[in-house]
Undergrad: 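Below are the structure tokens for one structure; questions will follow.
When reading the values below, keep in mind they use all heavy atoms of this one structure, side chains included, and skip hydrogens, waters and symmetry mates.
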There are 2 protein chains.
Amino acid sequence: MLTTSPAAPLPERLACMAADLRSLIAECNPDAVAVERIFFQTNVRTAISVAQASGVALAIAAAAGCEVAQYTPNEVKQAVAGYGAATKEQVQRMVTTQLGLAERPRPVDAADALALALCHLTVAPRLKRWEEAGR
Amino acid sequence: MLTTSPAAPLPERLACMAADLRSLIAECNPDAVAVERIFFQTNVRTAISVAQASGVALAIAAAAGCEVAQYTPNEVKQAVAGYGAATKEQVQRMVTTQLGLAERPRPVDAADALALALCHLTVAPRLKRWEEAGR
């Protein structure tokens with residue numbers, strides 16, 4: 001997990017996240033990057049900085065030439081737990097089982113990130129088949 | 001003004017904006033970059049992508065070592081037109097006068113950007129004096 005100092009000003013935290021994410025992509029060379037799609041139903045204050053961070057992630061993934069996919073939290077839960085309103089705990093359990101992990105990934109954010117990746121692995125080939133069938 | 005193709009997917013538009021902004025900062029070597037502070041009172045759909053773009057701008061300005069300042073639209077209007085609820089037209093007129101331009105900057109977004117820069121030039125030294133006085 002990438003973390004930044006909560007004490008640092010927001011522009012510096014975003015710059016730090018950008019640099020770390022760029023290094024991580026260079027190191028892992030992923031084909032695709034999945035980013036949670038942002039909605040503003042709940043906490044508007046938090047949502048702004050989350051959207052700003054997601055913008056940085058999208059820009060860096062695209063600049064690195066990765067395929068970039070976005071999924072809503074409900075799409076992730078549906079894909080991973082078979083149920084769009086699954087609880088955090090159900091998602092954690094499914095991620096643990098599907099990846100054959102010895103124990104649940106901690107913190108919860110890490111489980112969410114793994115669920116997002118699993119969602120992409122499930123949904124992307126299906127979308128591709130639909131796209132090909134529609135031609 | 002930096003523009004991106006409206007037809008391109010969002011991650012690519014953000015990556016394109018990031019590259020253009022990085023070049024512009026390298027070319028102009030500014031001491032400071034002022035970015036509009038985002039609020040979500042009106043159009044939530046637009047606000048998400050605006051916040052994502054602002055996150056990219058903040059990260060790039062900070063990574064380039066620039067001082068980064070954020071102002072709300074009301075702070076900008078107050079600083080430039082002396083009135084927080086000034087109309088777009090009043091702001092355009094004040095920007096034209098203060099910068100001694102032959103005609104109003106077009107499009108309106110360019111006038112807004114110039115107003116933001118003028119706001120920073122007005123407010124930043126005052127904030128600095130307050131800060132120094134408080135020591």
Undergrad: Looking at residues at least two apart in the chain, or sitting in another chain, which of them share a salt bridge (Lys or Arg N to Asp or Glu O under 4.0 Å) with Arg22(A)?
TA: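 Partners of Arg22(A) by the salt bridge (Lys or Arg N to Asp or Glu O under 4.0 Å) criterion come out as none, since no residue qualifies.
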Undergrad: Under a 4.5 Å side-chain heavy-atom rule over Ile, Leu, Val, Met, Phe, Trp and Tyr, are Leu2(B) and Val50(B) clustered together?
TA: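 No, Leu2(B) does not connect to Val50(B) through the hydrophobic network.
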Undergrad: Ignoring hydrogens, what is the shortest heavy-atom contact between Ala59(B) and Val56(A)? Give both atom names and the distance.
TA: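 For Ala59(B) versus Val56(A), the nearest heavy atoms are CB-CG2, 3.9 Å.
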Undergrad: Side-chain heavy atoms under 4.5 angstrom apart, residues restricted to Ile, Leu, Val, Met, Phe, Trp, Tyr: same cluster for Ile25(B) and Met17(B)?
TA: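 Yes, it is one cluster - the side chains of Ile25(B) and Met17(B) are joined through contacts under 4.5 Å.
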Undergrad: Would a hydrophobic clustering, with Ile, Leu, Val, Met, Phe, Trp and Tyr connected at side-chain separations under 4.5 Å, put Trp130(B) with Val123(B)?
TA: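 Trp130(B) and Val123(B): one cluster.
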Undergrad: According to a 4.5 Å side-chain heavy-atom criterion applied to Ile, Leu, Val, Met, Phe, Trp and Tyr, with indirect links allowed, do Leu121(A) and Val33(A) form part of one hydrophobic cluster?
TA: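 Not linked; separate clusters.
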Undergrad: Under 4.5 Å, heavy atom to heavy atom, which residues of residues 60-73 of chain B contact chain A?
TA: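 Within residues 60-73 of chain B, the residues that come under 4.5 Å of chain A (heavy atoms only) are Ala62(B), Ala63(B), Val68(B), Gln70(B).
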Undergrad: When hydrophobic residues are tied together by side-chain contacts of less than 4.5 Å, even through go-betweens, does Leu21(B) share a cluster with Leu14(B)?
TA: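 Shared cluster, yes.
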Undergrad: Does anything in residues 98-117 of chain B reach chain A? List residues with heavy atoms under 4.5 Å apart, or say none.
TA: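 When heavy atoms of chain A are the reference, residues 98-117 of chain B contributes no residue within the under-4.5 Å range.
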Undergrad: Roughly how far apart are Arg37(A) CZ and Leu10(B) CG, rounded to 0.5 Å?
TA: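 Between atom CZ of Arg37(A) and atom CG of Leu10(B) there are 8.5 Å.
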Undergrad: Indicate the atoms forming the closest heavy-atom contact of Ile48(A) with Ile38(B), along with that distance.
TA: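 Smallest interatomic distance, heavy atoms only, reads CD1-O, 3.4 Å.
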Undergrad: Anything in residues 78-87 of chain B with a heavy-atom distance to chain A below 4.5 Å? Please list those residues in order.
TA: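 Result: none.
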